[in-house]
**Student:** 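Please find one structure pasted underneath; my questions will follow.
By convention in this document, chain letters (A, B, ...) are assigned in the order of the sequence lines, proteins followed by strands, and residues within each chain are numbered from 1. Atoms considered below: every heavy atom in the structure, side chains included; atoms not considered: hydrogens, waters and symmetry mates.
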Amino acid sequence: MGNNLQRPKGTQDILPDVAQQWQQVENTANSLFNQWGYGEIRTPNLEYTELFLRGVGETTDVVNKEMYRFEKSKRDYSLRPEGTAGVVRAFIENGLHRTPKPVRLWYTGPMFRYERPQAGRQRQFHQLGIEQFGIAGPSADTEVIALAWALLTTLGLPDLALEINDIGSAADREAFRNQLRNALTDHKTALCDTCQHRYTENPFRMLDCKNPSCQTIYSGQPIQALLAKPWTNADSQAHFATVTKALTELGIPWQRNHTLVRGLDYYNGPVFEITTTKLGAQNTVCGGGRYDSLVETLGGPETPGVGWALGLERLISLLPASAPVPPDVWVAIANTSLLTQGMQAATQLRNKGYTVDTDLSHKKIGKQIDAAAKRGIKHVVLVEPEREITVKTLTTSQQTPLTDFLNQPIAGR
RNA sequence: GCGAGUGUAGCCAAGUGGUUAAGGCCCCGGGUUGUGGUCUCGGUAUUCGUGGGUUCGAUUCCCAUCACUCGCCCCA
């Protein structure tokens with residue numbers, strides 16, 4: 001196998017049995033979005049790099065070290081690492097901000113991030129997401145979260161938990177980051193290497209460090225006292241309270257996670273993740289939040305927005321494996337000269353609504369029936385020389401002329 | 001970028017410092033079953049991820065390398 005061609009690291013071939021699960025998810029999502037008034041938008045996999053620098057944030061890991069970025073004819077391109085920035089760009093570029101509010105959009109497609117693959121993470125992965133523009137009030141957050149919950153529960157996913165947090169404004173966050181740093185100044189040298197790094201780069205992330213000695217520091221008085229009192233502005237708090245109240249009224253269970261922050265710069269106000277215990281280290285199925293300044297950042301008019309994205313690979317890995325569905329009918333054709341008759345029979349059956357596979361082996365009829373029986377197929381059409389075309393039902397051993405079979409009502413499968 | 005584990009056919013796998021590398025599934029071909037999931041015969045690895053070393057001899061020992069998996073970071 002040494003020099004055979006191989007798919008690039010972190011990419012996946014999706015074979016028919018798994019593709020079936022993808023279709024199930026896509027179909028469910030498609031009809032649910034339609035019912036909720038969300039229209040599909042398809043944007044390029046390729047964008048000018050500047051979009052992500054401005055949209056997602058130059059200092060974020062996603063943009064900083066994970067983008068597939070290259071130059072062609074002096075233009076700087078990147079494969080999209082996430083979906084929101086492109087949708088917002090399209091929203092502005094196509095003048096959707098001039099259509100009635102709210103503007104409700106959904107998308108799906110591959111995203112690309114140059115990372116070390118592990119369970120639940122690949123370099124080309126697929127997201128399904130929604131974005132809703134134009135409503136500043138908490139109704140927008142509520143609807144968007146409710147839709148995520150509706151989709152995941154409709155798909156029958158087990159052991160879901162909705163975690164939600166209020167991250168306020170950029171100024172709120174900066175102030176709180178400094179409070180955290182101040183509270184930890186004395187302990188800084190006692191922290192693990194990662195947390196020392198987080199201390200400067202991203203203090204929020206220190207709080208869910210897995211290192212026990214770090215945790216004892218964080219669970220101590222000063223930090224807990226800091227977390228206990230709200231640190232976001234009054235408007236954001238009120239907004240958050242309204243959203244969570246509505247979720248409770250809608251029967252959607254949620255829990256506050258004070259350490260939940262998001263790695264993309266554009267979020268403000270309520271942010272949330274839906275996690276599951278069945279996924280390994282990468283346990284977030286769906287994540288999102290509000291981004292009130294992103295449209296403006298990308299050159300559009302001031303327009304609030306809320307959205308989320310879910311990882312399809314992660315979601316699909318939670319679904320039970322689906323057994324391949326055999327066709328209703330198998331057409332056994334004795335030899336090549338009967339091919340067209342066999343195909344015509346297949347067409348008639350398909351027009352009637354049956355799913356039909358045609359055996360092209362031209363082996364002995366017995367072998368062909370054998371093949372059908374092994375596959376769990378119910379009806380076999382026998383196309384043989386100098387005989388009427390008949391349908392043999394394997395469960396009952398009955399044989400019926402094809403013409404009669406076609407007149408029968410289509411049987412349950 | 002860092003850490004750990006694994007690497008024998010499409011899949012699951014046994015194996016040993018020494019003539020032709022078990023077995024099962026799948027797949028392919030033949031026979032049998034009156035036109036059926038049975039049974040039966042046969043076929044599918046010049047080779048044990050790749051390269052080098054030790055050795056009279058290596059799939060088995062050593063080194064390197066590559067690939068995959070899991071974890072850290074970060075995220076969906």
**Student:** For RNA chain B, find the residues of residues 381-392 of chain A with a heavy-atom distance under 4.0 Å and give them by number; none if there aren't any.
**Tutor:** A:Leu382, A:Glu384, A:Arg387, A:Lys392
**Student:** Need the pair for B:C68. Rule: Watson-Crick or G-U wobble, both distances under 3.5 Å, any strand; none if unpaired.
**Tutor:** B:G5
**Student:** Hey, what's the ring geometry for A:Phe33 with A:Tyr38, parallel, tilted or perpendicular (30° and 60° as the breaks)?
**Tutor:**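 The arrangement is tilted - the two ring planes meet at 30° to 60°.
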**Student:** Nearest-nucleotide wise, let me know which of A:Ala281 and A:Gly10 is further upstream toward the 5' end of RNA chain B.
**Tutor:**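 It is A:Gly10, whose closest nucleotide lies nearer the 5' terminus.
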**Student:** Applying side chain to side chain donor-acceptor pair (under 3.5 Å), can you list everything that pairs with A:Glu93, at least two apart in sequence or on another chain?
**Tutor:** A:Arg89
**Student:** Using the C1' atom as the point on both nucleotides, what is the distance between B:A14 and B:A45, in whole Å?
**Tutor:** 15 Å
**Student:** Is it the case that the side chains of A:Tyr354 and A:Gln348 hold a donor-acceptor pair, with the cut-off being a distance below 3.5 Å and no angle test?
**Tutor:**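 Side-chain D/A pair, A:Gln348 to A:Tyr354: absent.
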**Student:** Identify the nucleotide, in any strand shown, that forms a Watson-Crick or G-U wobble pair with B:U59, with both distances under 3.5 Å; if there is none, say none.
**Tutor:**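 Per the H-bond distance test, none.
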**Student:** Distances under 3.5 Å only, N/O to N/O: pair up the protein atoms with those of nucleotides 37-40 of chain B.
**Tutor:**
{"residue": "B:G37", "atom": "N2", "partner": "A:Ala373", "partner atom": "O", "Å": "2.6"}
{"residue": "B:G37", "atom": "N3", "partner": "A:Ala373", "partner atom": "O", "Å": "2.8"}

**Student:** Do A:Asn268 and A:Arg290 have a side chain donor and acceptor closer than 3.5 Å?
**Tutor:** no
**Student:** Does the structure show a Watson-Crick or G-U wobble partner for B:G42, both distances under 3.5 Å? Name it, or say none.
**Tutor:**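 B:C28 - that is the nucleotide pairing with B:G42, both distances being under 3.5 Å.
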**Student:** So does A:Arg7 get a side-chain nitrogen or oxygen closer than 4.0 Å to the phosphate oxygens (OP1/OP2) of B:C68?
**Tutor:**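 No, no such contact exists.
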**Student:** Apply side-chain contact (heavy atoms from CB on, under 4.5 Å) to residues A:Arg181 and A:Asn178 and explain how you reach the verdict.
**Tutor:** CA-CA 5 Å; A:Arg181 288 191 188 107; A:Asn178 287 327; 3.0 Å; yes
**Student:** Distance only, no hydrogens: is a donor on one side chain within 3.5 Å (strictly under) of an acceptor on the other, for A:Thr232 and A:Asp166?
**Tutor:**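 Looking only at side-chain atoms, A:Asp166 and A:Thr232 do form a donor-acceptor pair, the distance falling under 3.5 Å.
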**Student:** Any side-chain N or O of A:Gln127 less than 4.0 Å from the OP1 or OP2 oxygen of B:A76?
**Tutor:** no
**Student:** Is the A:Trp308 to A:Tyr291 ring centre distance short of 6.0 Å?
**Tutor:** no
**Student:** For B:G34, what is the paired nucleotide under Watson-Crick or G-U wobble rules, both distances under 3.5 Å?
**Tutor:**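 Here B:G34 is not engaged in any pair, so there is no nucleotide opposite it.
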**Student:** Can you tell me, in whole Å, how much space there is between the P of B:G10 and that of B:C48?
**Tutor:** 14 Å
**Student:** Going by distance alone, is a donor N or O of one side chain under 3.5 Å from an acceptor N or O of the other, for A:His379 and A:Thr393?
**Tutor:**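 Yes, side-chain donor-acceptor contact under 3.5 Å.
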**Student:** Of the nucleotides B:G36, B:A76, B:C70, which one has an atom closest to the side chain of A:Thr284?
**Tutor:**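 For A:Thr284, the side-chain atoms sit closest to B:A76.
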